[in-house]
Participant: 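Structure provided below as structure tokens; questions to follow.
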Amino acid sequence: PPRPGDPTKPSELKNPNARWLATCLKQLESDAARAHSQAQIKRGSSSGEARVAANHCLGLAATELGLWTDAQTAFTQARDDTPPDEVRARARFGAMAGNAALAGGNPTGAVPQVHTAPNDAASAASAPLQVIAALELTRSLVALGRLEEGLAPLETATTLAPQTSEGWLLKATLLRRLERLGDAQAAIEQAATLSPQDTEIGLEAGVIAILAGREDAARASWQSVIDVQPNSLAAETARGYLAQIGPTPVNGPALEGSQP
């Protein structure tokens with residue numbers, strides 16, 4: 001999940017809650033389980049800003065330990081306890097809660113979290129947070145099968161961060177799943193221009209090409225993945241795709257590419 005800014009700036013360390021958070025995050029680097037326990041204790045005896053700090057560290061520790069429900073709960077509480085006028089922090093915690101819900105296989109739980117995060121990020125005039133929130137919202141909606149709804153947040157992400165390939169890759173994949181192959185091709189070309197060595201982009205480019213009947217282009221894309229990272233999982237996937245189409249041309253193989 002997205003990480004917050006550095007809480008250890010000298011000006012912030014004058015605040016005892018910031019000092020406690022810095023100490024907890026330092027503990028997290030060496031012993032996530034201990035940081036998790038310390039944060040639980042702190043949360044149980046705190047309120048206000050101190051409770052926000054406790055949930056902040058607890059959520060990150062739970063993330064490190066793969067305790068996704070704990071992480072979602074902690075980040076949600078951190079957001080809810082953050083004053084309404086601190087929209088940047090609320091947006092960050094909301095996106096992190098949604099990310100934890102998705103990671104834990106709970107897209108239904110993620111949607112309410114990431115629906116509020118874009119509004120908070122917009123109020124904070126923070127483009128990076130708006131992009132993060134938009135991508136998380138798309139992933140949540142797609143996981144629930146709400147593909148068409150997932151396009152609008154992606155438009156926000158690619159508009160605000162046109163030089164970031166992740167948004168274009170997700171957009172291409174979603175458009176391909178919606179069978180809008182021409183639009184998907186345009187999006188994947190933009191992603192490839194920005195990150196020509198990204199193997200996930202190479203895989204998706206191949207899937208789009210094969211579904212559009214351009215077998216030579218698909219072969220070239222998948223072979224490029226193998227050439228760039230021959231021992232990677234992406235290369236293994238590419239080899240599988242190449243094996244499916246075989247040594248001679250075939251018409252319209254049904255391949256499942258990566259999903260947003």
Participant: Check whether any side-chain heavy atom of K171 sits under 4.5 Å from a side-chain heavy atom of E155, and report yes or no.
Facilitator: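 When only atoms from C-beta onward are counted, E155 and K171 do touch, with a gap below 4.5 Å.
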Participant: What's the verdict on side-chain contact (heavy atoms from CB on, under 4.5 Å) for L175 and L181, showing C-alpha distance, side-chain angles and the deciding distance?
Facilitator: CA-CA 7 Å; L175 287 166; L181 296 181; over 6 Å; no
Participant: Kindly indicate, with the supporting measurements, whether the criterion salt bridge (Lys or Arg N to Asp or Glu O under 4.0 Å) is fulfilled by E166 and R139.
Facilitator: CA-CA 12 Å; E166 181 184 9; R139 291 189 176 98; 2.4 Å; yes
Participant: Okay, side chain of T159, backbone of T156: is any donor-acceptor separation there less than 3.5 Å?
Facilitator: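 Here the side-chain-to-backbone pair does not exist.
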Participant: Under the salt bridge (Lys or Arg N to Asp or Glu O under 4.0 Å) rule, what pairs show up with a residue in residues 26-38, not counting sequence neighbours?
Facilitator: K26-E29
Participant: Could you list the residues that satisfy salt bridge (charged side-chain N to carboxylate O under 4.0 Å, His left out) with E236, not counting sequence neighbours?
Facilitator: none
Participant: Say whether R43 and Q77, considering side chains only, have a donor N or O and an acceptor N or O under 3.5 Å apart.
Facilitator: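 Yes, because at least one side-chain N or O of R43 sits under 3.5 Å from a partner of the opposite role on Q77.
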Participant: When Ile, Leu, Val, Met, Phe, Trp and Tyr are grouped by side-chain heavy atoms lying under 4.5 Å apart, directly or through other members, which residues fall in the same group as L58?
Facilitator: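 None, because no other hydrophobic side chain comes under 4.5 Å of this residue.
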Participant: Taking side-chain hydrogen bond (donor to acceptor under 3.5 Å, both in side chains) as the test, write out the residues that go with R239, two or more places apart.
Facilitator: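 Result, side-chain hydrogen bond (donor to acceptor under 3.5 Å, both in side chains) vs R239: none returned.
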Participant: When you measure from the side chain of S195 to the backbone N and O of A192, does any donor-acceptor pair fall under 3.5 Å?
Facilitator: no
Participant: Atom CD in Q229, atom CG in D198: separation rounded to 0.5 Å?
Facilitator: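 Going from the CD atom of Q229 to the CG atom of D198 covers 8.5 Å.
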Participant: Who else is in the cluster with L233 when I, L, V, M, F, W and Y are joined by side-chain contacts under 4.5 Å?
Facilitator: none
Participant: Nearest 0.5 Å, what's the CD-CG distance between E64 and L60?
Facilitator: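 Between atom CD of E64 and atom CG of L60 there are 7.5 Å.
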Participant: Is the shortest side-chain heavy-atom distance between R92 and E86 below 4.5 Å?
Facilitator: no
Participant: What is the distance from atom OG of S37 to atom NZ of K42, rounded to the nearest 0.5 Å?
Facilitator: 15.5 Å
Participant: Enter the distance from L151:CG to L174:CG here, rounded to the nearest 0.5 Å.
Facilitator: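 It is 4.5 Å, given to the nearest 0.5 Å.
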Participant: Please report the closest heavy-atom contact between I132 and A95, naming both atoms and the distance.
Facilitator: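 That would be CG2-CB, 4.0 Å.
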Participant: Nearest heavy-atom pair of L102 and A143: which atoms, and what distance?
Facilitator: CD2-CB, 4.3 Å
Participant: I188 vs L169, test: side-chain contact (heavy atoms from CB on, under 4.5 Å). Steps then yes/no.
Facilitator: CA-CA 6 Å; I188 202 65; L169 171 59; 3.8 Å; yes
Participant: So, for A234 and E200, which heavy atoms are closest and what is the spacing to 0.1 Å?
Facilitator: CB-OE2, 4.2 Å
Participant: Would a 4.5 Å heavy-atom cut-off, applied to side chains only, mark E149 and L137 as touching?
Facilitator: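 No - every pair of side-chain heavy atoms lies 4.5 Å or more apart.
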Participant: Does a side-chain heavy-atom distance below 4.5 Å link W222 with L203?
Facilitator: yes
Participant: Specify the closest pair of heavy atoms between A53 and W20, including all atoms of both residues, with the distance to one decimal.
Facilitator: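 For A53 versus W20, the nearest heavy atoms are O-CZ3, 3.5 Å.
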Participant: Let me see the working for H56 and F93 under ring-ring contact (aromatic ring centres under 6.0 Å, His included), right down to the final yes or no.
Facilitator: CA-CA 8 Å; H56 184 163; F93 288 132; 5.3 Å; yes
Participant: Looking at L135 and A157, what are the two nearest heavy atoms and their distance?
Facilitator: CD2-CB, 3.8 Å
Participant: What about L67 and M96, same hydrophobic cluster or not, with Ile/Leu/Val/Met/Phe/Trp/Tyr joined at side-chain heavy-atom distances under 4.5 Å?
Facilitator: no
Participant: Side chains of N15 and E49: closer than 4.5 Å at any heavy-atom pair?
Facilitator: yes
Participant: Say you draw a straight line from CD1 of I208 to CG of D183; how long is it, rounded to the nearest 0.5 Å?
Facilitator: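 Output value for this atom pair is 10.5 Å.
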Participant: Treating Ile, Leu, Val, Met, Phe, Trp and Tyr as nodes and any side-chain heavy-atom pair under 4.5 angstrom as an edge, say whether L211 and I245 lie in one connected cluster.
Facilitator: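 Per the 4.5 Å side-chain linkage, L211 and I245 are co-clustered.
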Participant: Give, for atom OG1 of T237 and atom CG of L242, the distance between the pair rounded to the nearest 0.5 Å.
Facilitator: 11.0 Å
Participant: With a 4.5 Å cut-off on side-chain heavy atoms, are Q72 and T76 touching?
Facilitator: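 T76 vs Q72: side chains touch.
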Participant: Is a side-chain donor or acceptor of R90 paired with a backbone partner of P84 at a separation under 3.5 angstrom?
Facilitator: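 Looks like no, no N/O pair under 3.5 Å.
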Participant: Answer whether the closest heavy-atom distance between the side chains of I201 and Q190 falls below 4.5 Å.
Facilitator: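 The answer is no, as the side chains (C-beta and beyond) never meet within the 4.5 Å cut-off.
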Participant: Any link between L147 and L170 through a network of hydrophobic side chains (Ile, Leu, Val, Met, Phe, Trp, Tyr) touching at under 4.5 Å?
Facilitator: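 Yes; L170 is reachable from L147 via cluster members.
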Participant: Suppose clustering is done on Ile, Leu, Val, Met, Phe, Trp and Tyr with side-chain heavy atoms closer than 4.5 Å. Which residues sit in the same group as L194?
Facilitator: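 Besides L194, the cluster holds W168.
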Participant: Could you tell me whether the side chain of T164 reaches within less than 4.5 Å of the side chain of V131, counting heavy atoms only?
Facilitator: no
Participant: Do V142 and T173 pass the side-chain contact (heavy atoms from CB on, under 4.5 Å) test, and can you show the C-alpha distance, the side-chain angles, and the key distance before you say yes or no?
Facilitator: CA-CA 11 Å; V142 168; T173 306; over 6 Å; no
Participant: Have D70 and Q40 got a donor and an acceptor in their side chains that come within less than 3.5 Å?
Facilitator: no
Participant: Quick check against the 3.5 Å criterion: does R79 have a side-chain atom that pairs as donor or acceptor with the backbone of G94?
Facilitator: no
Participant: Run the numbers on E215 and R219 for side-chain contact (heavy atoms from CB on, under 4.5 Å), then give the verdict.
Facilitator: CA-CA 6 Å; E215 183 178 307; R219 287 181 183 276; 2.9 Å; yes
Participant: At their closest point, which heavy atom of A78 faces which heavy atom of V52, and how far apart are they?
Facilitator: O-CG2, 3.9 Å
